[in-house]
Amino acid sequence: MIILFGVFIRYDEESDSHWIETRKKNNISTDLENDFYYRYPSFQDVHVMIFVGFGFLMTFLKRYSFGSVGFNFLIAAFGIQWALLMQGWFHSFDKEDLKIKIGVENLINADFCVAGCLIAYGACLGKVSPVQLMVLTLFGVTLYAVEEYIILYVLHVRDAGGSMVIHTFGAYYGLTISWVLYRPFLSQSNHLQRSVYHSDVFAMIGTLFLWMFWPSFNSAIADHGDGQHRAAINTYLSLAASVLTTFALSSLSKKYGKLDMVHIQNATLAGGVAMGTASEFMITPYGSLIVGFCSGIVSTLGYVFLTPLMEKTLKIQDTCGVHNLHAMPGVIGGIVGAVTAACASESVYGHEGLINMFGFEGKVNRTASVQGGYQAAGIFVAIAFGLVGGALVGGILKLPIWGDPTDSNCFDDDIYWEVPEEEDENIPAFGHQNMHHVERTPDAHHRSHV
Amino acid sequence: MIILFGVFIRYDEESDSHWIETRKKNNISTDLENDFYYRYPSFQDVHVMIFVGFGFLMTFLKRYSFGSVGFNFLIAAFGIQWALLMQGWFHSFDKEDLKIKIGVENLINADFCVAGCLIAYGACLGKVSPVQLMVLTLFGVTLYAVEEYIILYVLHVRDAGGSMVIHTFGAYYGLTISWVLYRPFLSQSNHLQRSVYHSDVFAMIGTLFLWMFWPSFNSAIADHGDGQHRAAINTYLSLAASVLTTFALSSLSKKYGKLDMVHIQNATLAGGVAMGTASEFMITPYGSLIVGFCSGIVSTLGYVFLTPLMEKTLKIQDTCGVHNLHAMPGVIGGIVGAVTAACASESVYGHEGLINMFGFEGKVNRTASVQGGYQAAGIFVAIAFGLVGGALVGGILKLPIWGDPTDSNCFDDDIYWEVPEEEDENIPAFGHQNMHHVERTPDAHHRSHV
Amino acid sequence: MIILFGVFIRYDEESDSHWIETRKKNNISTDLENDFYYRYPSFQDVHVMIFVGFGFLMTFLKRYSFGSVGFNFLIAAFGIQWALLMQGWFHSFDKEDLKIKIGVENLINADFCVAGCLIAYGACLGKVSPVQLMVLTLFGVTLYAVEEYIILYVLHVRDAGGSMVIHTFGAYYGLTISWVLYRPFLSQSNHLQRSVYHSDVFAMIGTLFLWMFWPSFNSAIADHGDGQHRAAINTYLSLAASVLTTFALSSLSKKYGKLDMVHIQNATLAGGVAMGTASEFMITPYGSLIVGFCSGIVSTLGYVFLTPLMEKTLKIQDTCGVHNLHAMPGVIGGIVGAVTAACASESVYGHEGLINMFGFEGKVNRTASVQGGYQAAGIFVAIAFGLVGGALVGGILKLPIWGDPTDSNCFDDDIYWEVPEEEDENIPAFGHQNMHHVERTPDAHHRSHV
């Protein structure tokens, strides 16, 4: 990795110390025009989503919090390095000196790329070894970079928040792997495949940080100015709408109208996923609400009906329900984006706004409805990469060399982590003297050695 | 909601794709002049305060963490949508085309508006149903929008961080509702109205995110440039001072000098509340320290003496002690703001600075001391709206149709949530084999079925 | 404190309401040129690191979470006030009117200064009283301000992320204090000096927020424009590299290849510490990876071999292992900075870039290799201040007047905090009726009174 970085990666002109000369040459009046000041706050928000958001979202299992947060940390840190290289070769390669020039936008893109792999991890959570995760990430990042290149640069599709590129691809990639690695006797680990009270609260940390910063996710690499501004507003509205539908449907789906934490932790985020493609378009505020409303319904119903069905009939074991949170809302997002793009008109966007948004005239010469068709094509490219890539990588991961857990050991931190013994957690902490007293109580002693 | 949005809400000119033309027309040299880049980082900080800060602050109860975080999430997501409409009609209504034009500042204001309702939730925590909370929020947001309009636009009072508009109003609104909904037999739920070790740690997540981002809260909608800069510094200092007085007084108030987590979780924030109005004024750094110092004292003493007294004599059951954290420091903040405004002079602010700060000459023609009087009037408007509004909404919520919990069921997640059973959480996690062994132990078996 | 602030501290010209006039005078075209917009997002990230990052990182102990988060909160809030004064006298003192002028950069520097003391707290965690911590902070901040003045202003050393100034100093300061306060019978508290499952998850909150925001830490006070941009990229890469080496080495160091949470929580951050000095230099992306790679190795090996050895032979009890996380990577960072500075050339930095970076010509007239020598000297100044200051302050803290815990009471919240009783946490929450039933069960009754 270091060698590859040594050979290929350099600073771009905005992060190079020649910036002061570049600035003068291009007659830029202020350091603030450095892209750092446009994008760094959004980058940090995205960074929090990747490491805290995804990491804690998956801590809901009672005995897999170390694995959720820890392996999420590992594969994200590995993935961003590999993504800088892979994406660099495809997107930021300078043909003159054969170097990749990186700046803050590359860091955001690397985080995005890793998000796809973390979604795939969600489908396999608790059933794979860290080595398998590294392989999953290695190939996932590579596939992502190719898929992204085709969708964004060959088809000239707009997908600022990655409904297709990130969510649809990542979810189908993970689901296919999970399908290949189907474990018929997973029920032996059933007693660990559920939450406890505090693990659900930890998962809410993940949910909330994802939810709050999703407007930054969808606006991070949108166009400067109104593009970023509008993407943030649309995503904010869509997310708010899906919270309401999720609570309503969750309550309706259970007896006594009780709410289910699984829905609240996940389906509330569907609005962000579904707004990924269209966020920078002029979808209008009420359009955003409708998108959030529908995706919240689809996602919650998915958790209620589809996940059990998929496990029974399709043999897909989807630990985190990524099909409901990422695959379906991602496809919805792609469709919404295609429709919105197809309806784009000069009267809504303004003459220059329209050119600006879709890059018409400059790079490509298309009408809005043709653009809509290309957008729709992007969805299929993403799904295809997910399915084919997942099948291949799943095949590799099925080899018996990766040290994966047995069916009865899944969802258990104890096989990959030094887990602290908890013998005396139950004993009231009345201070030292009592503790000693307690430890001599036969009953407590017994408990600590079972 | 979607229909109302469809009829009324549009992008403002900074988030509309015509921005590129607006920019040229107004001769704006850079996209950075888009308000997005002035306010978005502050908006995200405020967003974290609303969803993580308020949500986790209330998780201190041993069996109400789902309700605290979850219902906070629900009513905030509902409230921001409603607030965009209500505040829009009052503040951002474009009379030409009868539309509300929204941008990032509206999103911040919607978050602020919701904060008022979340404060009210704090007073009622654990004693109301989610449907009651929706009603509380629906009316709360409406009242807030009217009250804010009167204070900020009719009286031309400055209140950037909302000491009066948000905190004083929200607290008295919630306290009055709690008074109307007085539960004489609440002691039946006493065993649940306390914390456990880890729930107190979760609550510290809320406290810290509120504390850290409060400078953003008070500076989010302050004037560009020095206004935002000064608001952040003043709030930072005031908060730091109230931490010190809280620790000191908490230690003094208990035998053996032990510290009380309730004080640390709450009274440390009083400095931010009390600096809400005056944060953008030239209150000087030592003035900020004095404000933080005093509000920390008042708030901590409130928890020690006033809350038990209020419950006994006034029949107000204030679960989170919002009277100590929001009501009293909010009023202090209003008074400090009035005094500071009354003392404003050209020698301190500079000629243009003074005009700029209070909007003198442009909209209103006042001297500083008259402005001080209006500021003081704002406090009474906020209190009046809180008391009258709370009494009305409390009356509505007293109707026996909302599915609220019985006195013996309060502070318990189990009635509104699917709570995971914890029968074997106590068993040491030595891996699968041991688990099974344990489950056969009669003693453990007994424990899991009590 | 208030009096000192009253006498000395004023707003600087960017946070003063005369800004509007300053702006016109200096012909500044936009409010965005106010330093607030350059640095405030980074400031907030640093703020999160100080209060949530350091606070939660130390919650790993099973019964010291209140003390970790709470005392961290106390001394940080106290320290930033004292630091504004001490650093102000040395760095921002206006000799004309004998005032200290503060702005957002001062707030960041105060947070940095406090970071040094929090590192020292890490070495003493659980073994000192809050009063001792206040004394430790009072002197720590004072020493820091002098040391920083010597290194940055007398020697003209560059240290944007404080590898030397913050980490090396803070770690040796704390270690020396811990050495002076050596407790021979600390093993009596052994049963509390370990983690439980959920306390390790809480600690990961701290780890992740430190890890994610470290690029902001190292870039917060770097030069506007390319300096901040490059510092963020370098730190991001270095951190990513040290995650990989930490996971690899942690797995190798344990039987069965299990991972150790202590390593993951700490050594993953070593890359940020080691990149503190060189982050704004042109160290190149692969250089950053190498630094992260090496510091991750050194730090993990430190936890495996050095900490037990230091306790046995040197009588240094280092609760959090700050020697591994801050001292060694800090020294590495200083050396890397010295080497990188010594190798700086016009061909890499550009003519103006080189002058800009090291302040050559303006303030000092040096060649790059001379600058490298001064950088190396900075390391020794930091270590010397740590050792001598720690010995002095340790001597003061050894006086028997500070109410420190006995050897058998260490790592226990119960002596300084009102800790909630947990008698019925173990009982399944099946609702109120069952609870009462349970409380009458003799066995449960017994458990709650042991």
Side-chain angles (χ1 to χ4, degrees), chain A residues 1-2 5-6 9-11 14-21 23 29-32 34 36-37 40-41 44 47-48 51-52 55 59 65-66 69-70 73-74 77-78 80-81 102-104 107 198 202 205 416-420 422 424-432 434-435 437-438 441 444, chain C residues 29 32-33 37-38 41 45 62-63 191 194-198 200-201 204-205 208-209 211-213 216 224-226 228-230 232-233 236-237 240-241 243-244 247 254 258-261 264 268 282 285-286 289-290 293 349-350 352-353 356-357 408-409 412 414 419 421-423 426 448 450:
Chain A
M1 190 79 77
I2 292 171
F5 266 66
I9 300 214
R10 295 290 178 274
Y11 303 114
E14 308 209 345
S15 57
D16 192 284
S17 65
H18 293 82
W19 161 252
I20 193 167
E21 289 157 16
R23 229 188 87 185
S29 64
T30 156
D31 277 334
L32 281 166
N34 195 307
F36 182 79
Y37 299 102
Y40 189 71
Q44 276 297 2
H47 219 42
V48 172
F51 288 90
V52 165
T59 56
S65 302
F66 289 8
V69 176
F73 194 17
L74 170 66
F78 166 68
I80 51 180
Q81 297 175 50
I102 61 169
V104 66
L107 304 191
H198 281 162
F202 277 118
I205 297 177
Y416 299 118
W417 297 87
E418 298 276 338
V419 176
E422 312 218 359
D424 48 11
E425 191 186 24
N426 310 324
I427 297 161
F430 288 128
H432 188 64
N434 290 324
M435 298 290 297
H437 176 68
V438 162
T441 315
Chain C
S29 64
L32 280 166
E33 283 291 328
Y37 300 101
Y38 282 98
D45 293 349
K62 62 190 288 188
R63 278 282 143 188
H191 62 289
R194 42 176 136 138
S195 62
V196 290
Y197 196 70
H198 280 162
D200 268 330
V201 182
M204 280 305 287
I205 298 176
L208 287 174
F209 275 101
W211 193 90
M212 294 181 302
F213 289 156
S216 301
H224 289 179
D226 62 298
Q228 288 194 286
H229 202 151
R230 193 165 52 247
I233 295 173
Y236 172 96
L237 291 172
V243 172
L244 294 189
F247 271 85
K254 294 275 169 178
K258 287 192 182 186
L259 295 161
D260 188 332
M261 260 292 169
I264 309 306
T268 49
M282 294 287 286
Y286 63 91
L289 286 185
I290 294 169
F293 181 82
Y349 286 78
E352 288 191 71
N356 211 26
M357 173 57 64
S408 61
N409 266 331
D412 193 349
D414 200 51
V419 176
E421 302 176 12
E422 312 218 359
E423 68 254 58
N426 311 324
S448 71
V450 283

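A quick note: this is a predicted structure, and the numbers were derived from the prediction, not measured. In the text below, chain A, chain B and the rest are named by the order of the sequence lines, each starting its count at 1.
- With respect to A:His47, the ring-ring contact (aromatic ring centres under 6.0 Å, His included) criterion is satisfied by exactly one of C:Trp211, C:Phe209, C:Phe213: C:Trp211.
- C:Phe293 touches chain A through its side chain: at least one heavy atom from C-beta onward sits under 4.5 Å away, while N, CA, C and O do not.
- A 4.5 Å side-chain heavy-atom check between A:Trp417 and C:Lys254 finds every atom pair outside the cut-off.
- A 4.5 Å side-chain heavy-atom check between C:Ser216 and A:Gln44 finds at least one atom pair inside the cut-off.
- Your options are C:Leu237, C:Asp45, C:Ile205, and the one with the most heavy-atom pairs under 4.5 Å with chain A is C:Ile205.
- Of all the heavy atoms in C:Ala240 and A:Ala77, the pair that sits closest is CB-O, 3.7 Å.
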Residues A:Phe78, C:Val243; criterion side-chain contact (heavy atoms from CB on, under 4.5 Å); working and verdict: CA-CA 8 Å; A:Phe78 166 68; C:Val243 172; over 6 Å; no
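- Only the side chain of C:Thr268 comes within contact range of chain A, judged by heavy atoms closer than 4.5 Å.
- In this structure, A:Pro420 and C:Ser195 approach most closely via the heavy-atom pair CB-O, 3.2 Å.
- When the ring pair (Phe, Tyr, Trp, His ring centres under 6.0 Å) test is applied to C:Tyr38, the partners found at least two apart in sequence or on another chain are A:Tyr37, C:His224.
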Could you go step by step and tell me if A:Phe36 and C:Arg230 meet the side-chain contact (heavy atoms from CB on, under 4.5 Å) rule? CA-CA 9 Å; A:Phe36 182 79; C:Arg230 193 165 52 247; over 6 Å; no
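- Remark: side-chain polar atoms of C:His229 are paired, donor with acceptor, to backbone N or O of A:Val104 under 3.5 angstrom.
- Counting heavy atoms from C-beta on, the side chains of C:Met204 and A:Thr59 never come closer than 4.5 Å.
- In terms of heavy atoms, C:Tyr197 sits closest to A:Ser65 at OH-N, 2.9 Å.
- Ranking A:Val69, A:Val52, A:Leu74 against chain C, the residue ahead of the rest is A:Leu74, based on heavy-atom pairs under 4.5 Å.
- A distance of 9.0 Å separates CD of A:Gln81 from OH of C:Tyr236, quoted to the nearest 0.5 Å.
- With contacts defined as side-chain heavy-atom distances shorter than 4.5 Å, the pair A:Phe66/C:Ile264 does not qualify.
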